Protein chains: 2
Amino acid sequence: MAGIKEVAEEAGVSAATVSRALRGFHHVNAATRAKILAAAEKLDYPIAPIQNKSALGRTNSIGVVAPYISRWYFAQVINGAEQALREAGFDLLLYNFSQMKGRERLFQHQLLKGRVDALIVISLPPTEEEFDSMLNLGIPVSLVGMHHKRCSSVAIDDVASSRTATQHLVNQGHKKIGLMSGRPDNPFNFSVPQDRRKGFMQALAENGLEWVPSREVHGDFTMHTASRAMDDLLARPNRPTAIFCESDEMAFGAMQAARRHGLKVPDDISIIGFDGHEMAEYSDLTTMEQPVQLMGEMAAWSIMERIRKPSAEPHSLVLPTTLVVRNSTRRLSPNEA
Amino acid sequence: MAGIKEVAEEAGVSAATVSRALRGFHHVNAATRAKILAAAEKLDYPIAPIQNKSALGRTNSIGVVAPYISRWYFAQVINGAEQALREAGFDLLLYNFSQMKGRERLFQHQLLKGRVDALIVISLPPTEEEFDSMLNLGIPVSLVGMHHKRCSSVAIDDVASSRTATQHLVNQGHKKIGLMSGRPDNPFNFSVPQDRRKGFMQALAENGLEWVPSREVHGDFTMHTASRAMDDLLARPNRPTAIFCESDEMAFGAMQAARRHGLKVPDDISIIGFDGHEMAEYSDLTTMEQPVQLMGEMAAWSIMERIRKPSAEPHSLVLPTTLVVRNSTRRLSPNEA
DNA sequence: CGTACTTTTGCAGTCGCTTGCAGAATTATT
DNA sequence: AATAATTCTGCAAGCGACTGCAAAAGTACG
């Protein structure tokens, strides 16, 4: 109810002075400021006042775009970003795009124009065209979980990390290694599946292991599809002794399917995941852990920095991953391999 | 860059007409509208234009407040709400309050004033005082996961659902039933722990079962603390044959601890959870499923309805829960009980 | 006490869009 | 064709803050 005017009147000054006093800029007499603060207090007017988009030209809020906000990974990143943003006084506008139909509207900036001061895009590789649109908005854009030369980003090295994960299996004596990867035709065109697959292949190649295509199945990064895919894989002849899953959730699905088929993990089959999902510990899943929450925070800081000085060059940040060895993988004795 | 003015000029009409045309109100000649649309298109001006808070008096965005946005339950509710809001053209502002310090500022509406048209509060029971503040904002407030006479809400019947869950254990012949509940001194003062505990106690009483206090341990709704708490419980004499966990995540922790202690679920101990967590299926956990996503959607619709007609009475909605029986609970033979 | 600075403050214009009102253009009626 | 009824459209006044400019008030100094 109470606006800047009411406060001004209450304090016996002009609205302009109230605006200045509350923002701390310019010169305002200490006594006057005190009066104004008292008045604001009395009228329950926020000390950090309602910013006004039209006057300010900015909204003080930052958009976060993600394809599935309720999946663990995204929720974590968002959480990290939220914390950093809130701390710095920004609001966070959430844009979810599990439905493809939204994407178009989003990237054609119908939705974003003028509503946010910057954009954090999580794991959703825009096409070059969409990129043009986004950059045309004239606001900084920051990517999480992927890179692009035209804007800042925070990510891990998916290729190297996958290679390390796969190498772990090799080190444990596995030679017949299966791959649970993302669907090559995923609608969002995520880059993660390709990258992790690439790292996997590299590790195989480096160790002189032959790649057998029938050892690969696809899922969409959910437990459910992974579980089905695993059924499929296990039904095939010449079963692998270990499986690299491109995400922990898929690894969970794989483990479940394995159990359903009467296989023990890791006795009968080793499974390694990727992400460092909260439940990995519970499931005793060996996994490649990525600093999810931190990625959100870094993206937030980085983009706020760019809001401050828009001229700054975009820069990409690569955060380290950690192999966490648990008991879903085991060493194969030479005669088992 | 392009504003309504530019579009107006391009189309050879006044800004006012553009505004009207793009909003679809009032009468605008079809031909004129076409010209305007063409101009907008050409200049890349959003068809759904940037609403202007000062002129409109509203922001077209709705705040969602939750204590832990990255926990499964909250992420699901938020997801549901986001979908409904987006569909209706609202933006969603996310407020996370894992840190208590934020709470104060939030409810003293320093943060919210003028930034949102309505507020959805998830599982965070405000004190009466905070309630006053919120309602003073003059915007509709809707609660998820709890009720309050002074505003609309969407929730399940925690008491009845817990009673049903517990009854399930009783029906399976369990007499020594343990309880994994939320900490009574939880900082947010959640109502859920009390309610679920109450339902549990009711079931016991109705079946003439004695309540043994040493069969209760507390967690904070995370797997981790639950796991520790379970260690504690299992170390005590006269171990229960079944345990009701107030959340699935706690149930996961309990299952993990049980396994660690060499106990098989459900052979040695039955465990039932609450929530219908995505991973419950994977863990074969019997649980009381609540329609999480739906709750978010309903809250969103309900609050948008109240934005439309602010005079409407607040109403509370109770959604049904479903007992999903899996294999973490088993029937006890009479001589085991 | 008058002059020259500084600091403080208010006026009025602005931001980008909405909207009441009334005049203009179009269509209908007689 | 003149008048009335409708439908469009533009003008201008907001909305609620921010801010450049200049006047007002306060200080310093001679």
Side-chain angles (χ1 to χ4, degrees), chain A residues 1-37 39-40 43-61 89 91 109-110 112-117 137-139, chain B residues 1-37 39-40 43-61 89 110 112-117 137-139:
Chain A
M1 296 283 153
I4 200 173
K5 284 214 270 281
E6 284 71 44
V7 178
E9 189 170 0
E10 174 74 25
V13 297
S14 77
T17 307
V18 174
S19 178
R20 280 186 280 246
L22 260 29
R23 213 144 295 23
F25 296 145
H26 306 281
H27 318 281
V28 172
N29 183 295
T32 313
R33 165 176 284 124
K35 265 194 307 187
I36 292 175
L37 285 174
L43 297 182
D44 237 12
Y45 182 86
I47 304 297
I50 305 103
Q51 311 274 7
N52 188 306
K53 159 84 171 83
S54 9
L56 231 49
R58 54 203 170 73
T59 60
N60 236 276
S61 50
D91 277 338
H109 65 206
Q110 303 291 25
L112 298 168
K113 186 82 186 279
R115 292 155 108 86
V116 295
D117 292 345
L137 285 173
I139 58 176
Chain B
M1 295 287 148
I4 200 173
K5 285 214 269 282
E6 283 72 43
V7 178
E9 189 170 1
E10 174 75 25
V13 297
S14 77
T17 306
V18 175
S19 178
R20 280 187 280 246
L22 260 29
R23 215 144 289 31
F25 295 145
H26 307 279
H27 319 280
V28 173
N29 184 295
T32 314
R33 164 175 285 124
K35 262 194 307 186
I36 292 175
L37 285 174
L43 297 182
D44 236 12
Y45 182 86
I47 304 298
I50 304 103
Q51 309 277 6
N52 188 305
K53 158 83 172 82
S54 8
L56 230 48
R58 54 205 169 72
T59 60
N60 237 278
S61 51
Q110 303 290 27
L112 298 169
K113 185 82 187 277
R115 292 155 108 88
V116 294
D117 292 346
L137 286 172
I139 58 176

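Below, read A as the first sequence line, B as the second, and so on, with proteins coming before strands; counting in each chain starts at 1. This is a predicted model, so every value here is computed, not measured.
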Euclidean distance, atom [atom1] of residue [X] to atom [atom2] of [N] [Å, nearest integer]:
X	N	atom1	atom2	result
B:Arg58	C:dT19	CZ	C1'	13 Å
B:Lys35	D:dC8	NZ	P	14 Å
A:Asn29	D:dA24	CG	P	19 Å
B:Arg20	C:dT18	CZ	P	10 Å
B:His27	C:dT18	NE2	C1'	16 Å
B:Arg33	D:dT7	CZ	P	15 Å

My understanding is that only residues two or more places apart in sequence, or in another chain, count here; which of them pass side chain to side chain contact (heavy atoms under 4.5 Å, CB included) with B:Ser61? B:Thr59, B:Asp91, B:Leu93

For A:Thr32, the side chain to side chain contact (heavy atoms under 4.5 Å, CB included) test, sequence neighbours excluded, returns A:Val13, A:Thr17, A:Val28, A:Asn29, A:Ile36

Look at all strands and tell whether A:Val18 reaches a base, only sugar-phosphate, or nothing, counting heavy atoms closer than 4.0 Å.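 A:Val18: no heavy atom of the nucleic acid under 4.0 Å.
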
Rounded to the nearest 0.5 Å, the CD1 atom of B:Ile139 sits from the NZ atom of B:Lys113 at a distance of 10.5 Å

Any chance you could measure B:Arg23, atom CZ, to B:Gln51, atom CD, to the nearest 0.5 Å? 5.5 Å

Report yes if some heavy atom in the side chain of A:Leu37 is under 4.5 Å from a heavy atom in the side chain of A:Leu22; otherwise report no. yes

Beyond-backbone contact of A:Lys53 with B:Asn52, side-chain heavy atoms, under 4.5 angstrom: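 A:Lys53 vs B:Asn52: side chains apart.
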
Sorted by position of nearest nucleotide on DNA chain D, 5' first, the leading residue of B:Thr17 and A:Thr17 is B:Thr17

Could I get a table of every N or O pair under 3.5 Å where one atom is in the protein and the other is in nucleotides 13-17 of chain C?
residue, atom, partner, partner atom, Å
C:dC15, O4', A:Ser54, O, 3.2
C:dC15, O2, A:Ser54, O, 3.3
C:dC15, O2, A:Ala55, N, 2.9
C:dG16, N2, B:Asn52, OD1, 3.0
C:dG16, N2, B:Asn52, ND2, 3.1
C:dG16, N3, B:Asn52, ND2, 2.7
C:dC17, OP1, B:Tyr45, OH, 2.9
C:dC17, OP2, B:Ile4, N, 2.7

Are the side chain of B:Asp117 and the backbone of B:Arg58 linked by a donor-acceptor contact shorter than 3.5 Å?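 Not a single qualifying donor-acceptor pair exists.
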
For residues 3-12 of chain A, run the donor-acceptor check on the side chains, cut-off 3.5 Å, and write out each pair with its distance to 0.1 Å, sequence neighbours left out.
residue, atom, partner, partner atom, Å
A:Glu6, OE1, A:Gly3, N, 2.4
A:Glu10, OE2, A:Lys42, NZ, 2.9

Could you give the angle between the helix axes at the two ends of the helix from C:dC1-D:dG30 to C:dT30-D:dA1, with five pairs per end, rounded to 10 degrees? 40°

